[in-house]
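Computed from a predicted structure; not experimentally measured.
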Amino acid sequence: ASTTVEDKKFLFKNVTSLLKINIKSGDGTTGKKVKYVRFVANDTSAKLTGAFTATIGTDGVATVTPGTGNNSVLLQAEGDALNGTYYISVLPATLNGGFKILLETECAGYSQEIYVRKSSGNITLNRNEIVDLGSYDATATGTVNGAKGIKESFISDVPSLAHSSIYSF
């Protein structure tokens with residue numbers, strides 16, 4: 001937060017971008033339990049997590065400069081499985097070459113399986129915006145709707161993603 005002596009009001013500026021994802025897990029008998037979701041930039045030099053410097057300009061707009069970091073972020077179930085809508089905070093970046101969303105599941109009688117959805121197009125993760133990665137339903141037997149099994153030869157590109165500003169500044 002920042003303020004000036006004149007107005008004495010705090011201004012809050014988000015310095016990160018948010019990835020929104022909706023997961024509906026099965027119970028392990030019918031459908032699959034989604035245990036992990038990993039968002040991976042195809043550009044290995046992209047920095048989505050890690051150390052960074054945020055500078056607030058005279059206009060009040062934050063600029064983020066990444067330091068050391070990783071091109072991926074992991075969402076892990078704290079309990080039995082991921083169920084619900086999740087927001088993952090990442091550093092603003094332009095992902096040249098797109099990204100992958102990997103969903104790791106567990107199901108009774110099956111070893112862990114990985115489902116993937118990917119995009120090969122460039123995408124910009126802007127400061128103070130939410131990028132909706134879509135919904136994934138693992139309640140049906142044998143599949144995760146919205147993603148393809150990693151063993152399958154066809155992996156679809158993600159349709160255009162919805163961006164929405166958290167607030168207008």
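Here the rule is side chain to side chain donor-acceptor pair (under 3.5 Å) with N22, and of T85, N83, D132 only T85 fits it. Each of T16, L91, V90 was compared with L125 under the side chain to side chain contact (heavy atoms under 4.5 Å, CB included) criterion, and only V90 meets it.
Remark: I101 CD1 to S72 OG distance equals 13.0 Å, nearest 0.5 Å. Taking NZ of K20 as the reference point, atom CD of E129 lies at 14.0 Å (rounded to 0.5 Å). Note that CG of N71 is 7.5 Å distant from CG of D43, once rounded to the nearest 0.5 Å. We find the OH-CG distance between Y86 and L75 to be 6.5 Å, quoted to the nearest 0.5 Å. If you take OG1 on T44 and CG on N70, they are separated by 11.0 Å, rounding to the nearest 0.5 Å. Distance NZ/K24 to CG/D137: 5.5 Å, rounded to 0.5 Å.
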Legend entry - Candidate pair K33 and D80, rule salt bridge (charged side-chain N to carboxylate O under 4.0 Å, His left out), full reasoning: CA-CA 8 Å; K33 294 179 182 180; D80 199 33; 3.0 Å; yes
Inset, instruction - Please test L133 against V37 for side-chain contact (heavy atoms from CB on, under 4.5 Å), starting from the C-alpha separation and ending with a verdict. - result: CA-CA 11 Å; L133 299 176; V37 174; over 6 Å; no
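Residue S89 comes nearest to L18 through the heavy atom pair CA-CD2, 3.7 Å, listed as atom of the first residue, atom of the second, then distance. When all heavy atoms of G97 and N42 are compared, the pair lying nearest together is O-ND2, 2.6 Å. Closest non-hydrogen pair, S17 versus V131, comes out as OG-CG2, 4.4 Å.
A 6.0 Å sphere centred on NZ of K47 holds more than 12 heavy atoms belonging to other residues, nucleotides or ligands.
Pairs engaging residues 15-43 under the ring pair (Phe, Tyr, Trp, His ring centres under 6.0 Å) rule: F39-F99 [sequence neighbours left out].
A donor-acceptor contact shorter than 3.5 Å is absent between the side chain of T94 and the backbone of T124.
With a 4.5 Å cut-off on side-chain heavy atoms, I21 and I23 count as touching. Residues S25 and V34 have side chains in contact (heavy-atom distance under 4.5 Å, counting atoms from C-beta outward).
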